[in-house]
Amino acid sequence: MSRHFEWLQVLNQCKREVEDQIRPLLASARKPQPNLGIGAGGDPMKQIDLAAEEAIVNTLRKQEISFTLISEESGFKEYGKKSDQCYVTADPIDGTTNLTRGIPFYATSIAISEKPTLNTVHAALVADLFHDVTYTAQKGKGAYRNDMRISPSEGSSLEEAVIGIDLNSYKVQKIASQLTGLIQKTKHIRHFGANALELCYVADGTTEGFIDIRGKLRPTDMAAAWLIINEAGAKITSINMDPLDVTLSPKQKVEFVASANPRIHKIIIDLLKKKKEKE
Ligand code: IPD
Ligand code: CA
């Protein structure tokens with residue numbers, strides 16, 4: 001059994017534990033929550049986020065894995081004697097607002113890497129906790145939706161494409177003009193509210209693109225989906241088409257354009273850049 005295959009087993013175990021731990025909290029998630037302070041990523045922490053993080057940590061500890069956790073909630077935390085042996089980058093619950101409102105679109109996201117850098121992520125899981133759909137990937141071994149290998153859409157017509165854009169920012173004015181051309185040419189624009197899962201939708205051909213150029217997203221939210229996108233054969237780059245060179249830290253910010261295939265990637269990027277160059 002390869003090391004990578006073992007990692008997928010561990011990640012699936014983490015997911016099951018997250019499900020078990022958050023289940024009793026779901027009914028009261030919309031009620032006023034105790035003040036648990038601000039998480040490492042800068043957002044107020046909720047009981048359900050912490051329960052999900054604890055589930056991940058406990059699962060890894062039970063398997064006697066030494067690791068450094070990089071989490072949106074607790075930030076950097078070392079576990080075990082050789083905590084630099086691997087890095088576990090987690091967004092225990094991506095889409096907490098959806099979850100607390102009863103909107104059925106939220107996920108747990110866990111990435112395993114050799115170093116605290118995005119380009120060393122080698123195993124990943126993003127699990128849609130409402131629909132029981134799990135995306136996984138291992139470096140060099142493809143990406144899967146449950147047991148089915150996935151590949152992205154071949155479509156390149158913006159007329160027919162479904163493109164996700166995260167406009168969730170107080171500073172939306174700063175990026176609005178850059179996005180206008182793309183929005184005008186795309187018939188179906190979406191944002192569902194859990195970016196890890198929305199990236200997986202690009203990976204499995206559900207949508208043709210997902211763009212987040214707010215300068216607000218933490219790599220903890222997209223590290224796992226980054227590998228799933230790449231292993232599925234879709235594209236994810238900076239707006240300048242460069243590979244994403246990101247340090248894994250809840251304090252870091254990342255911007256990206258993810259698209260199903262090189263043709264639509266270029267079309268989207270050309271539209272985003274056109275406006276920027278004119279300014
Ligand atoms: C949030 C979601 C949302 C995005 C926010 C993220 P969280 O993640 O991914 O779609 O617009 O910027 O913070 O806070 O629920 O883990
Ligand atoms: Ca979160």
Side-chain angles (χ1 to χ4, degrees), residues 14-15 18-19 21-22 25-26 29-30 33 36-57 69-77 88-111 124-130 135 162-172 174-176 179 189-203 206-207 209-226 228-229 236 244 246 248-258:
C14 288
K15 176 205 86 167
V18 169
E19 285 169 337
Q21 293 306 315
I22 68 167
L25 302 172
L26 290 174
R30 196 167 179 180
Q33 299 287 313
L36 300 174
I38 301 295
D43 291 340
M45 288 189 288
K46 295 205 162 56
Q47 201 186 353
I48 206 151
D49 296 310
L50 290 176
E53 181 182 288
E54 206 179 303
I56 295 167
V57 168
L69 177 74
I70 306 169
S71 164
E72 189 187 314
E73 311 306 335
S74 299
F76 284 86
K77 264 193 174 173
V88 177
T89 300
D91 185 0
I93 303 288
D94 181 39
T96 303
T97 302
N98 282 351
L99 183 155
T100 57
R101 297 298 180 111
I103 298 168
F105 196 84
Y106 50 87
T108 190
S109 167
I110 315 168
L125 172 144
V126 174
D128 176 336
L129 296 170
F130 188 87
Y135 294 90
V162 176
I163 305 280
I165 303 181
D166 194 335
L167 293 168
N168 184 6
S169 166
Y170 294 120
K171 295 181 186 154
V172 68
K174 269 179 92 179
I175 52 167
L179 289 162
I189 298 287
R190 299 285 186 276
H191 179 223
F192 301 125
N195 294 12
L197 214 43
E198 289 177 81
L199 283 167
C200 292
Y201 275 22
V202 180
T206 303
T207 63
F210 184 68
I211 294 141
D212 188 341
I213 53 168
R214 298 170 298 156
K216 190 178 161 190
L217 197 76
R218 301 160 286 244
T220 44
D221 297 55
M222 51 70 76
W226 174 86
I228 292 164
I229 283 260
I236 181 161
L244 299 180
V246 178
L248 295 174
S249 155
K251 304 270 180 255
Q252 185 79 27
K253 304 290 182 220
V254 57
E255 298 183 11
F256 57 79
V257 177

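Computed from a prediction, not measured in an experiment: that's the story for all the values here. We count ligands from 1, going down the list as the structure has it; atoms in each ligand are counted the same way.
Here is the list of ligand 1 atoms found below 4.0 Å of a heavy atom in Glu72: 14 (O), 16 (O). Atoms of ligand 1 found under 4.0 Å from any heavy atom of Asp91 (numbered from 1 in listed order, with element): 16 (O). Ligand-side atoms of ligand 1 in range of Asp94: 1 (C), 2 (C), 7 (P), 8 (O), 9 (O), 15 (O), 16 (O), range being under 4.0 angstrom from any heavy atom. Which parts of ligand 1 touch Ile93 is read off a 4.0 Å heavy-atom cut-off, strictly below it: atoms 16 (O). The Asn168 neighbourhood of ligand 1 comprises atoms 4 (C), 11 (O), with distances under 4.0 Å to a heavy atom of that residue. Every atom of ligand 1 is numbered from 1 in the order shown, and the set under 4.0 Å from a heavy atom of Gly95 is 7 (P), 8 (O), 15 (O), 16 (O). The contact set between ligand 1 and Gly193, taken as ligand atoms under 4.0 Å from a residue heavy atom, comprises 2 (C), 3 (C), 10 (O). Per-residue contacts place His191 under 4.0 angstrom from the following atoms of ligand 1 (heavy atoms of the residue considered): 10 (O), 11 (O).
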Residues 248-255 side chain polar contacts: donor-acceptor under 3.5 Å, at least two apart:
from: Ser249; atom 1: OG; to: Lys251; atom 2: N; distance (Å): 3.0
from: Lys251; atom 1: NZ; to: Ala40; atom 2: O; distance (Å): 2.7

Donor-acceptor pairs under 3.5 Å, side chain of residues 44-52 to any protein atom, not counting sequence neighbours: which ones?
from: Asp49; atom 1: OD1; to: Thr96; atom 2: OG1; distance (Å): 2.8
from: Asp49; atom 1: OD2; to: Lys46; atom 2: N; distance (Å): 3.4

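Note on ring orientation: taking the six-membered ring where Trp is involved, the planes of Tyr106 and Phe130 are perpendicular (angle over 60°, cut-offs 30° and 60°).
Panel note: side chain Arg214, backbone Asn168; a donor-acceptor pair is recorded below 3.5 Å.
When heavy-atom distances to ligand 1 are checked against a 4.0 Å cut-off, Ala196 has no atom that comes that close, whether in backbone or side chain.
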